[in-house]
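Please read the structure below before turning to the comments.
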Amino acid sequence: MTINLQASLATKIVKMLINPYYNCIYGRVNRTLFVIQYKGEWKFMWNPKIIDTDKVLYIAIADAIERDIRLGILKQNEKMPPQRSLAKTIGVNLTTITRAYKEAEKRGLITGTIGRGTYVSDDKKDRILPEILGSEDEIIELGLVGSIKIEGYDLSKQLKAVAKGHVLDSLLDYVPSQGIRRHREVAAGWIKQYGLNADCEHIVICAGAMHAINCCLLGLFDPGDRIAVDMLTFTGFKNAAQLNRMKLEPIVMDSEGMVPEHLEEQCKKHQIKGIYLMPNLQNPTATEMSKKRKREIADIILKYGLILIEDDIYNFMNVTNKTALSTLVPDNGVYICSISKSLFPGLRIAFASVPQRFLYKFNQAVTNTVWMAPTISSELVTQFIESGTAAEMINQKKLVIENRIQLAKTVLRDYSFQAIEGSPFLWLNLPEGWNCAEFENTALMNHVRVISAYKFYVGTQLPPNAVRVSLGSVENDEQMQKGLHILLRILKQYPILASSFLI
């Protein structure tokens, strides 16, 4: 047998092994396992080069499968590596790979049958339950927590005002990375209604909440730093931490969110530098911290000198006059207030209140990422606030959410879920027998999107069997009611949903 290889490639081969069972030769090039068929072409075997070792291994491998499917590395109907081969490649036992494949199958990522092997699932495959769903192809969006759409507002006045020559000309040039002073003054006044007495000198205009979060991580932390988070936390922060190579320390939660005793225990055990929290409305669990809990967390922040990143994106639903945790740690807390949910996400504007000692590094992060937030969007937001349009729209959104929460309480009255007053999403606790990833997949097969606890979980144990159900992204109440009834029928029909995975 003759194998034609480029010299440069051949010199990189570390190991070759003839495997008569699979009728192929295995080799390794730059940590990627390849397969040479006797009478075929070079084929590269999937190898998860990066897995989250903070998690249980089989969960981490299943997560890697999901990640690489989303990235297009693993394609629909592509054959997965044999379990024994993958176990050898990663350096784990066969049982771990078997459990990982079972977990990936539960999530609807792969399918396997005896004699054929395991393949990446085809999203177009007809897997719906016909008795639950009709023929419509529309996905009912109960997953993404979008911005509630309000009809009847004519925004042309603000758009025309911005388009005037002398105004527009001033917005088309470079401005300081911190933002235009007038915009920062209006932002400071806007934030004050949430209990934070910020002055414009400490306000930074950012290109959305995620930009502000990344500026915190880039400017105030170093790769490898540890940041304490709720064991169930915002997926965007998880992704940002991974991108910036931060290590997340999961903290146990209760009905008010992060448990102070466990936070202090981890601070003693590890060198934790920061903490990320959503104390007024926690995403995804729809819980809130009491004033007492905030004081307890604040005491620990001050005691251990932690840098607080407070994400208060849902502050516009502040129906019970909740105040920012940052008010208790004014020199330690970066407070982030985005307008994506309260007004329009497309404007990409957020306000960050930054303590003086962090201001220079934070501003440098803005400069090094986008130089400055979009000034035209910032001017629009400023005019919405000054004209009173922002307050009017928020009042309408509050009414919509209040009505939808009551609707959810009616439809799901026989099931356990969390949703504080004003929450644009709820945390649905699944009954015994359900796996949250399996529920998410089954709901999607029935054209309803929800998000399972797996997406939010940080830690080494299994996440709770729960899903987040959004109330804000659907077009209207009728669509939301339809989606909730589909979820209800799925919950009641669990016994017919047996796993099809065979090994």
Side-chain angles (χ1 to χ4, degrees), residues 162 167 170-221 274-277 279-280 294 298 301-302 305-313 315-316 318 322-340 342-343 347-387 390-391:
V162 172
V167 176
S170 67
L171 302 173
L172 294 179
D173 205 347
Y174 287 107
V175 303
S177 296
Q178 192 170 347
I180 296 172
R181 184 178 183 87
R182 170 171 163 267
H183 296 171
R184 290 188 282 115
E185 289 174 344
V186 172
W190 182 258
I191 287 176
K192 282 182 181 179
Q193 66 182 314
Y194 306 120
L196 190 71
N197 292 317
D199 63 80
C200 73
E201 299 301 330
H202 295 111
I203 296 294
V204 181
I205 309 296
C206 296
M210 282 307 307
H211 179 231
I213 287 171
N214 276 288
C215 286
C216 285
L217 299 179
L218 283 168
L220 312 183
F221 295 87
I275 181 171
Y276 170 79
L277 287 169
N280 286 329
K294 287 179 182 176
I301 289 172
L302 295 174
L306 305 181
I307 300 173
L308 167 66
I309 304 174
E310 182 174 7
D311 186 351
D312 206 11
I313 192 170
N315 52 19
F316 70 99
N318 194 8
K322 295 183 285 287
T323 58
L325 175 60
S326 296
T327 60
L328 302 177
V329 288
D331 293 327
N332 291 60
V334 176
Y335 177 83
I336 300 171
C337 169
S338 169
I339 59 85
S340 292
S342 58
L343 297 179
L347 292 176
R348 306 312 308 141
I349 292 296
F351 309 137
S353 177
V354 185
Q356 182 63 42
R357 68 189 184 109
F358 299 143
L359 192 57
Y360 175 77
K361 289 185 176 181
F362 191 96
N363 276 330
Q364 278 298 111
V366 175
T367 303
N368 294 334
T369 50
V370 299
W371 185 274
M372 61 189 188
T375 52
I376 294 177
S377 293
S378 185
E379 175 66 25
L380 276 170
V381 171
T382 298
Q383 291 199 21
F384 287 147
I385 293 173
E386 289 179 326
S387 67

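All residue numbers refer to positions in the sequence shown, counting from 1.
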N332 side-chain N/O to L306 backbone N/O, donor-acceptor pair under 3.5 Å: yes

Matching residue for L308 among L325, L302, L328 - test: side chain to side chain contact (heavy atoms under 4.5 Å, CB included):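 Testing L308 for a side chain to side chain contact (heavy atoms under 4.5 Å, CB included) against L325, L302, L328 leaves exactly one candidate, L325.
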
Exactly one of I180, I205, V175 clears side chain to side chain contact (heavy atoms under 4.5 Å, CB included) with M372, and that residue is V175

If every non-hydrogen atom of [X] is compared with every non-hydrogen atom of [Y], which pair is closest and at what distance?
| X | Y | result |
| --- | --- | --- |
| F316 | I313 | CD2-O, 3.8 Å |
| H202 | P355 | CD2-C, 4.2 Å |
| I385 | W190 | CG2-CE3, 3.6 Å |
| C200 | Q178 | O-NE2, 3.8 Å |
| S338 | A350 | CA-CB, 3.7 Å |
| L220 | I307 | O-CD1, 3.8 Å |

Sorted by first residue and then second, give each salt bridge (Lys or Arg N to Asp or Glu O under 4.0 Å) pair with at least one member in residues 354-364; sequence neighbours left out. none

Enumerate the residue pairs fulfilling salt bridge (Lys or Arg N to Asp or Glu O under 4.0 Å) with a member in residues 188-202, sequence neighbours excluded, ordered by first and then second residue.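 Non-adjacent pairs meeting salt bridge (Lys or Arg N to Asp or Glu O under 4.0 Å): R181-E201.
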
Step by step, would you call F221 with I309 a side-chain contact (heavy atoms from CB on, under 4.5 Å)? CA-CA 11 Å; F221 295 87; I309 304 174; 4.0 Å; yes

When you look at N214 and T369, which way does the side-chain contact (heavy atoms from CB on, under 4.5 Å) test go after all the steps? CA-CA 9 Å; N214 276 288; T369 50; 6.0 Å; no

Output, in order, the C-alpha distance, side-chain angles, deciding distance and verdict of side-chain contact (heavy atoms from CB on, under 4.5 Å) for L196 and T323. CA-CA 7 Å; L196 190 71; T323 58; over 6 Å; no

With distance as the sole criterion, is a donor-acceptor pair present between the side chains of Y335 and D312 under 3.5 Å? yes

What's the separation between atom [atom1] in [X] and atom [atom2] in [Y], rounded to the nearest 0.5 Å?
| X | Y | atom1 | atom2 | result |
| --- | --- | --- | --- | --- |
| L277 | S326 | CG | OG | 9.5 Å |
| E310 | N315 | CD | CG | 9.0 Å |
| F384 | I349 | CZ | CD1 | 11.5 Å |
| D331 | I301 | CG | CD1 | 12.5 Å |
| I191 | C337 | CD1 | SG | 5.0 Å |

Apply side-chain hydrogen bond (donor to acceptor under 3.5 Å, both in side chains) to Q193 and list each qualifying residue two or more places apart in sequence or on a separate chain.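 Q193: no side-chain hydrogen bond (donor to acceptor under 3.5 Å, both in side chains) contacts found.
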
In chain order, what residues pass the side-chain hydrogen bond (donor to acceptor under 3.5 Å, both in side chains) check against S177, with sequence neighbours excluded?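 side-chain hydrogen bond (donor to acceptor under 3.5 Å, both in side chains) list for S177, sorted by chain: T367.
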
Side chains of L218 and Q364, heavy atoms from C-beta outward: is any pair under 4.5 Å?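 Not touching, per the 4.5 Å side-chain cut-off.
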
Donor-acceptor contacts under 3.5 Å from residues 374-382 side chains, at least two apart:
residue	atom	partner	partner atom	Å
T375	OG1	L171	O	2.6
S377	OG	L347	O	3.0
S378	OG	H183	ND1	2.8
E379	OE1	R182	NH1	2.7
E379	OE1	H183	NE2	2.7
E379	OE2	R182	NH1	3.2
E379	OE2	R182	NH2	3.4
E379	OE2	Q383	NE2	2.9
T382	OG1	S378	O	2.8

Check ring pair (Phe, Tyr, Trp, His ring centres under 6.0 Å) between F362 and all other residues, then give those that pass, not counting sequence neighbours. none

